[in-house]
Amino acid sequence: MTAVLARVSGLVAVSNWLYTRLMFRSVLVANRGEIACRVFRTAQRMGIETVAVYSEADADAPHVRMADRAVLLGPAPARESYLVAEKVLQAAKDTGAEAIHPGYGFLSENADFAEAVEAAGLIWIGPKPASIRAMGLKDAAKDLMDKAGVPVTPGYLGEDQSLETLQAAADATGYPVLIKAVAGGGGKGMKKVEKAADFASALASAQRESKAAFGDDRVLIEKYVTRPRHIEVQVFGDTHGNVVHLFERDCSLQRRHQKVIEEAPAPGMDDATRAAVTEAAVKAAKAVDYVGAGTVEFIADASEGLKGDRIWFMEMNTRLQVEHPVTEAVTGQDLVEWQFRVAAGEPLPLKQDEIELDGWAMEARLYAEDPAGGFLPSIGALDHFVLPEDDGVRVETGVEQGGEVSQFYDPMIAKLIVHAEDRESAAAGLADACSQVQVWPVKTNAGFLVRCLDHPDFVEGDVDTGFIAAREEELVEPDNAGLAASAALGAAALDQAWAHAPGQGALDPASPWDGRPTGLYGFRLNAAPRAEIRLEDARGVHAARLAPGAAAAHPMDTGLVLEMGQVRRPVSELGGELIRVGDEAVTLIERDDRRIVFVDGDAFTFMSPNHAGSGGGTSASDGTLRAPMPGKVVAVQAKAGDTVTKGQSIIVVEAMKMEHALTAPFDGVVAEVAASVGDQVTDGAVLARVEEA
């Protein structure tokens, strides 16, 4: 027995030695933020040295500190730092990195960069450059898939890009149609066209976005499916000819073609349909000799439920996806480790029949954006930044309290992932996780996510890509706005009640919340309400009156009257206080003359009566059109003296990789246009004025 154990021990030692010889010893991640941190965690667990790259804007970012070494690439704009292949390769050379992981975005699907990595003698952790090229252009990819026997959506894939040809193709396909950038992704360069009269302007916008994002303004035309579901399949290939799938994900909950909530498996997916779509995905991967992690995306006509013959190939993403954690959760696999092993020449860790589907997982993308302000990205310092710390919640982020959300990069600041036994439990757990998010003064979509996850139709699995658009108003505006506001008002006034309670001492004369004219004047316990406070929320600034007693809100002409409770306790680790008003628990923080209360992911701001604040935003009620954020003017569609109608686009600003149209707030005449195409504009800059006719 001793001899046998010695032999086994020797074999293990030899195996470990071979592993260390085959696996690369260091990896540079050519990316930033949460994906860089995600890759570093697996690399460090496997004993692989890590190298970060960063721009000047990211000098103090978590991914820089997390890596063993870090190299400055250049100025903040990505085109001068993260997108400069030569600088990334030089960083690898200077640090002795043996492999490069591209993450997602930036250079991840750049075949020229992949070739340059390999030409430099480095290991490229991604698919073959030829595979990237084959799937990089949507028209060529669809043609290839059609020849390989993978079902594709009807439309136009031709080389002729003239308006006349594209318009004729759209007319022949039948409206509605989608215009999609040939080199596109992430909804950029994609426009839905409802009728022929709108085609030319939509085409021009799609071409501008595509040219700006991908350097290529070619487009294709697809039939728009009226009840579409977005189904994608995670595939993996190795250098030994093996290709497997790791089941499907449903990414149907989208806003303007950007994914918001993803889940695995897909609701309503039966075994026969699953077999059809996963087999098609594997066939697609084999058709391009695929190696590494990839995602084959399909569009499904869900008007009669999911059926194998109503699912069509849409595109293939030749990289790791943002939503890969839900697949990891339901399969128990680390996909980054799989990437490392495949790149090192190892066969896939598991065969197809060894990959099992377990439970349900959901992921929510937390964006720095203002849902009530048209979902415009929100930038600035993260003065208060708290994410859930529950054991059952996986948090992926690349920012931290005290950091900054920059105008130069994508507004996604975190991903929250929950795995549970069934879909209902996963949705409830993720809603609870999103409700714990506290971010200020940067605005986020946390409350919006909670309302999506709690919506009865979503809970029932009744989803398609139009889910959010059809319910946007109710999802943006909290159903319990009155309760949330009343709880927040109570929290804002609790110091008054606490200070007047027996044994609590006198009021602070310097506090704006004391009983003096500069604060809540005339406030008395057990008396008629005389105190007034101002609430700032997504709709503006509202006056409200306060009264003591049990928690209850009453609508009044001046706002809300609150009868409040007095239960509170410090929560030092959150930098604030946990307040309970009736059945509602909220967290309160203080900043100068403001108090911010977090309720179910939403932030409510309170000011003293003398505070000269406003509801924020860039209201155009007076006819003034202001830049919603720093950006570049890409189109001026009216001139001084032009007659315009309400909703007509006047100026288009590109910011955070997307176009934002500034439209006429009412029928009138353009009095002034203060910007030209190509101008770089600052947040709030006046770009045009419209006067009523």
Side-chain angles (χ1 to χ4, degrees), residues 38 229-236 244-254 259-278 281 293 295-298 300 302 305-308 311 320-335 338 350 352-366 387-388 390-396 414-437 446 449-465 467-468 601:
R38 162 71 189 94
R229 290 268 297 276
H230 186 133
I231 308 294
E232 60 186 36
V233 178
Q234 178 72 61
V235 294
F236 237 102
V244 299
H245 70 80
L246 288 92
F247 301 103
E248 82 282 354
R249 299 185 288 255
D250 190 305
C251 305
S252 297
L253 226 67
Q254 303 177 5
K259 299 170 186 175
V260 176
I261 294 172
E262 300 102 347
E263 57 184 305
M269 178 74 74
D270 59 33
D271 290 342
T273 305
R274 175 171 292 122
V277 71
T278 54
T295 301
V296 184
E297 302 197 0
F298 297 87
L306 293 179
K307 295 182 178 180
I311 299 179
L320 195 68
Q321 290 277 91
V322 176
E323 58 272 22
H324 76 273
V326 296
T327 294
E328 292 184 324
V330 296
T331 62
Q333 303 302 310
D334 183 331
L335 298 190
W338 278 43
L350 296 175
Q352 187 64 70
D353 60 4
E354 296 174 322
I355 304 172
E356 298 181 353
L357 186 63
D358 176 33
W360 214 286
M362 287 189 184
E363 172 182 296
R365 301 190 188 192
L366 182 67
L387 299 179
D390 297 350
D391 291 339
V393 181
R394 174 175 169 179
V395 177
E396 299 281 355
K415 302 182 305 193
L416 307 180
I417 305 98
V418 169
H419 180 224
E421 292 184 0
D422 53 56
R423 187 174 185 274
E424 184 177 353
S425 300
L430 188 55
D432 181 65
C434 292
S435 73
Q436 298 176 46
V437 171
L449 292 171
V450 172
R451 290 183 284 280
C452 286
L453 292 159
D454 280 343
H455 196 283
D457 292 341
F458 178 81
V459 174
E460 289 297 318
D462 183 14
V463 296
D464 57 47
T465 59
F467 180 94
I468 289 176

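Here the straight-line distance linking atom CG of L453 with atom CG of L416 works out to 10.0 Å at 0.5 Å rounding. Atoms CG and NZ, from L366 and K415 in turn, are 12.0 Å apart once rounded to the nearest 0.5 Å. If you take CE on M362 and CG on L253, they are separated by 9.5 Å, rounding to the nearest 0.5 Å.
The side-chain heavy atoms of T327 and F247, taken from C-beta on, include no pair separated by under 4.5 Å. Side-chain contact between E232 and E262 is absent, with no heavy atoms from C-beta onward closer than 4.5 Å. Taking 4.5 Å as the limit, some side-chain heavy atom of E323 sits within range of a side-chain heavy atom of R365. Counting only heavy atoms from C-beta outward, the side chains of V244 and L350 never approach each other to under 4.5 Å. Side-chain contact between E248 and V233: present, with at least one pair of heavy atoms (C-beta onward) separated by less than 4.5 Å. I355 is not listed as a side-chain neighbour of Q333, based on a closest heavy-atom distance of 4.5 Å or more.
T465 contributes no side-chain N or O that, together with a main-chain N or O of S252, makes up a donor-acceptor pair within less than 3.5 Å. In this structure a side-chain-to-backbone donor-acceptor pair under 3.5 Å is missing from H324 to Q234. Panel note: side chain D390, backbone G392; no donor-acceptor pair is recorded below 3.5 Å.
For the pair A446 and G601, the tightest heavy-atom approach, listed with the atom from each and the gap, is CB-O, 3.6 Å. When all heavy atoms of A431 and V450 are compared, the pair lying nearest together is O-CG2, 3.6 Å. The shortest non-hydrogen separation linking P388 to V395 is O-CG2, 3.6 Å. Nearest approach of V330 to G359, heavy atoms of both residues: CG1-O, 3.9 Å. Heavy-atom minimum distance, C452 versus F458: O-CB, 3.3 Å.
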Given the rule in the side chain to side chain contact (heavy atoms under 4.5 Å, CB included) test, do K259 and Q321 qualify, once you have shown the distances and angles that lead to the verdict?
CA-CA 11 Å; K259 299 170 186 175; Q321 290 277 91; 3.3 Å; yes
Verdict with supporting geometry, L387 and V437, side chain to side chain contact (heavy atoms under 4.5 Å, CB included):
CA-CA 5 Å; L387 299 179; V437 171; 4.2 Å; yes
Worked verdict on L306 versus R229 for side chain to side chain contact (heavy atoms under 4.5 Å, CB included):
CA-CA 9 Å; L306 293 179; R229 290 268 297 276; 3.5 Å; yes
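In this view, A364 and I261, L430, C434, L449 satisfy the side-chain contact (heavy atoms from CB on, under 4.5 Å) rule, not counting sequence neighbours. In this view, F298 satisfies the ring-ring contact (aromatic ring centres under 6.0 Å, His included) rule with no residue, not counting sequence neighbours. A search for side chain to side chain donor-acceptor pair (under 3.5 Å) contacts involving E396 returns R41, R394, not counting sequence neighbours. Not counting sequence neighbours, the partners of D334 by the side-chain contact (heavy atoms from CB on, under 4.5 Å) test are R38, T42, R45, E328, V336, E337. A search for side chain to side chain donor-acceptor pair (under 3.5 Å) contacts involving E363 returns nothing, not counting sequence neighbours.
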Donor-acceptor list for residues 263-271 side chains, cut-off 3.5 Å, not counting sequence neighbours:
| from | atom 1 | to | atom 2 | distance (Å) |
| --- | --- | --- | --- | --- |
| E263 | OE1 | W360 | NE1 | 2.9 |
| E263 | OE1 | R423 | NE | 2.7 |
| E263 | OE2 | R423 | NH2 | 3.1 |
| D270 | OD1 | A272 | N | 3.3 |
| D270 | OD1 | T273 | N | 2.7 |
| D270 | OD1 | T273 | OG1 | 2.7 |

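The number of heavy atoms from other shown groups lying within 6.0 Å of CD (E421) does not exceed 12. The number of heavy atoms from other shown groups lying within 6.0 Å of CD (E460) does not exceed 12.
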